[in-house]
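The sequence lines fix the lettering, A, B, ..., with proteins before strands; numbering per chain opens at 1.
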Amino acid sequence: MKTIRCFSNIVIRPAGRLILAAALLGGLAATLLAAEPAAAAKKTGPAKKKLTGSELYAINCNRCHQERYPTEFNSAQWQTLITHMRVRANLPAKQAKEILKYLKEEAGG
Amino acid sequence: MKINSRFLGTTAATCVLGLSASPRSSAAVSDEDFNALKNVVQQLQQAHDQDQQQIQKLQQQLGDTQTQVQKTDAAVQAQSSSTIRNALHNFTMVGDAEVQYAKTFGGATDPNGNPHRNGFLLADFAPIFLYRANDNVLFEAGFDMMLNNGSVSGHENSSSTSVGISFAQLDYVMNDYMTFVGGYMLLPLGTYSERAAGMLNKIPDDPLGREFLPGAGAGAQLRGAFAIGDSGQMITYSVYGANGPSSIDNTALAGSLDLGGNVGLLSDGSTGNLHSAPSGGGRIGWFIPWGGAHKDLEIGISGQSGVWDDAGDHYWSAGVLDASLHIGPSFELKGEFINSWFGTTDAGTVHPWAVWAQAGYKLAGLNLDLPVISDVELIGRYDKESNGQGTSTRRYTFGYVYYLTNTLLFEGDYEWLHSNDLNVPANQLIFQLSYGF
């Protein structure tokens, strides 16, 4: 009878392999089932809110460079810079508009 | 019933007496008082009539003004909806500047056989001029003014100052999903060339393999993005036609490939490029954020192809896979896999390729609350290239970025180089002060 020798002194026979595989599968299934309610709870949780201009700014701009403070430029300059970055970084129009709105509000002039 | 009749009778009699008594009371007002009162009433009547006339006059004026405003609004609306819009010509300048110092180690020599020296390698000023005509039209031009000093002593002719255009392009935002770009454009082969400013590179040297690709090209491009849902996820695209690589001497020899010399005045006085047709290319990318900012994955595939020799017999092509991953505000991993192929008359098809991967970790993620340590980011990169003609190089880089401010960075790196090219120095220590503005 073929056997598998693990950790040099533990011997597992073929039938034992089946049992071990079943136990592992059972454990995996139990883990997944245990995780399911949490996932379901997430699905039924509060509806996703629309991302704000400041969130979109953090998501899109910070992946290439350090964030620039809104007060570093005035509103007209931000308008130009966002047009530049919309082209350079391929930003979707609505996201670019939300980011610009946020920056203009925070720039304050 | 009798009582009620008497009560009603008494009440009626009282009323009659009251009525008969009142003329006597009114008879007490004199004619003089009556006339005075009459005059007052007449004056009030006249004032009322005048007020009415004034009100009518004001209403008339209001109506005229409203008509005028409506006409003006209509004119403004007609003007704004016409195809020709007034330009505002807003101007903004951004860019970056660098100072670099390098020390080389090992026995390698430069192409002239001299040992490599140490010193301040370069001072670079790279402004980007942005002219915005209106919300849809932007002209942008990037320059690179660089003092590249290859010799410390200054007695050799190896130092140089160069002024070049990195890009000069007109952007026209056609609609929410498409922008037209024309001019000398940064080419979206991978992402590095479009995100290569000094303050964006956390390592002073470019990754190996970028020299196998043209960084910019003269041509036209359509690009844009489509948002997927409200999570920030998007698909991005770029499609372009550009002059593409050419031959430096009209031949298709392997050593004649010129990735950058694709436009200008030819030796015979004609304009154009030394190959028979432009190249075409593009990139498509997928950006997937999850859980808000600082958690995202971007993957992209890009390529370009076109003839490069004057006879139009041989193609130059490239394909690039790129990826960038952020896990939290402190960790970043990004890289590219670059392949290019070009046919030649003397070496068959040459296949340069390269791969690089770079990781960074900001020590602020350790929450040590130490002012200097928390402003440091540790950087590592592995890159490897083969030029397809027998030369291959591997490099390991480890270093840091110290953020003096959000736009002023002090970078330091040590590079371990392994190459069968004797002109490549063994190892290098590089420091760079980089400022973005």
Side-chain angles (χ1 to χ4, degrees), chain A residues 35 38-39 41-43 45-104 106-109, chain B residues 88 90-94 128 130-132 134-138 140 169 171-173 175-177 179 181 186 188 191 194-195 197 199-200 223-232 234-238 283 285 287 289 292-296 298 324 326 329 332 334 403 405-407 409 436-437:
Chain A
K42 272 188 180 175
K43 280 181 185 173
K48 281 183 182 174
K49 68 177 181 68
K50 193 179 169 187
L51 292 169
T52 64
S54 93
E55 288 169 329
L56 288 166
Y57 179 61
I59 287 172
N60 285 295
C61 306
N62 204 34
R63 59 187 164 119
C64 293
H65 55 77
Q66 294 289 107
E67 285 183 26
R68 306 297 291 263
Y69 299 112
T71 49
E72 288 184 41
F73 300 98
N74 63 34
S75 293
Q77 289 172 324
W78 278 124
Q79 177 95 40
T80 302
L81 291 171
I82 288 297
T83 307
H84 164 65
M85 290 312 306
R86 181 179 164 183
V87 177
R88 180 64 66 88
N90 275 340
L91 294 177
K94 282 184 183 172
Q95 293 188 22
K97 285 171 188 168
E98 286 294 325
I99 293 169
L100 178 60
K101 186 180 165 193
Y102 158 71
L103 290 170
K104 279 185 167 180
E106 295 296 313
Chain B
L88 299 173
N90 287 288
F91 168 69
T92 304
M93 188 177 81
V94 293
I128 296 174
L130 302 170
Y131 289 91
R132 180 171 59 85
N134 56 39
D135 291 351
N136 297 341
V137 178
L138 175 72
E140 47 184 323
Q169 63 186 54
D171 308 328
Y172 175 61
V173 180
N175 54 48
D176 283 358
Y177 308 101
T179 298
V181 178
L186 295 173
T191 55
E194 293 190 313
R195 306 171 189 176
M199 64 171 286
L200 307 183
R223 59 190 297 155
F226 295 88
I228 302 174
D230 292 326
S231 65
M234 67 180 95
I235 296 287
T236 64
Y237 73 93
S238 309
R283 177 181 182 268
F287 176 64
H294 313 300
K295 292 178 183 173
D296 56 72
E298 181 183 9
S324 173
H326 294 94
E332 176 188 62
K334 59 185 177 183
Y403 293 91
T405 71
N406 64 331
T407 57
L409 285 61
F437 53 87

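Of the atoms belonging to Y69(A), heavy atoms from both backbone and side chain fall under 4.5 Å from chain B. Contact of F437(B) with chain A is made through the backbone alone, with heavy-atom distances under 4.5 Å. With a 4.5 angstrom heavy-atom cutoff, V137(B) does not touch chain A via any of its atoms. Contacts of R223(B) with chain A are made by both backbone and side-chain atoms, with heavy-atom separations under 4.5 Å. Contacts between F287(B) and chain A at a heavy-atom distance below 4.5 Å involve the side chain alone, from C-beta outward. Neither the backbone nor the side chain of K94(A) comes within contact range of chain B; no heavy atom of the residue lies under 4.5 Å from a heavy atom of that chain. For a residue to count as touching a neighbouring chain, one of its non-hydrogen atoms must lie under 4.5 Å from one of that chain's; by this rule L186(B) touches chain A with the side chain only.
The distance from atom CD1 of I59(A) to atom NZ of K295(B), rounded to the nearest 0.5 Å, is 11.5 Å. Once rounded to the nearest 0.5 Å, the distance linking NE2 of H326(B) with SG of C64(A) reads 7.5 Å. For the atom pair T407(B) OG1 and H65(A) NE2, the distance stands at 11.5 Å (nearest 0.5 Å).
Each of Q77(A), Q95(A), E67(A) has some count of heavy-atom pairs under 4.5 Å with chain B, and the biggest count is that of Q95(A). Among G285(B), P329(B), S324(B), A225(B), the residue making the largest number of heavy-atom pairs under 4.5 Å with chain A is A225(B). Contact tally against chain A (heavy-atom pairs below 4.5 Å) for D296(B), T191(B), D176(B): the top residue is D176(B).
Side-chain atoms of N60(A) and M234(B), non-hydrogen and from C-beta on, do get closer than 4.5 Å to each other. Residues K334(B) and R63(A) are not in side-chain contact: their nearest non-hydrogen atoms beyond the backbone lie 4.5 Å or more apart.
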Anything under 3.5 Å between a donor and an acceptor, one on a side chain of residues 79-89 of chain A, the other on a protein residue two or more places apart or in another chain? List them.
residue: Q79(A); atom: OE1; partner: K104(A); partner atom: NZ; Å: 2.7
residue: Q79(A); atom: NE2; partner: D135(B); partner atom: OD1; Å: 3.1
residue: T80(A); atom: OG1; partner: A76(A); partner atom: O; Å: 3.3
residue: T80(A); atom: OG1; partner: R132(B); partner atom: NE; Å: 2.9
residue: T83(A); atom: OG1; partner: Q79(A); partner atom: O; Å: 2.8
residue: H84(A); atom: ND1; partner: E140(B); partner atom: OE1; Å: 2.5
residue: R86(A); atom: NH2; partner: N175(B); partner atom: O; Å: 3.2
residue: R88(A); atom: NH1; partner: E194(B); partner atom: O; Å: 3.2

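Y403(B) pairs by the ring-ring contact (aromatic ring centres under 6.0 Å, His included) definition with nothing, not counting sequence neighbours.
Proximity of a side-chain donor or acceptor of D230(B) to a complementary backbone N or O of K50(A) within less than 3.5 Å is not detected.
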Does E72(A) form a side-chain contact (heavy atoms from CB on, under 4.5 Å) with N406(B)? I'd like the steps, not just the answer. CA-CA 11 Å; E72(A) 288 184 41; N406(B) 64 331; 3.1 Å; yes
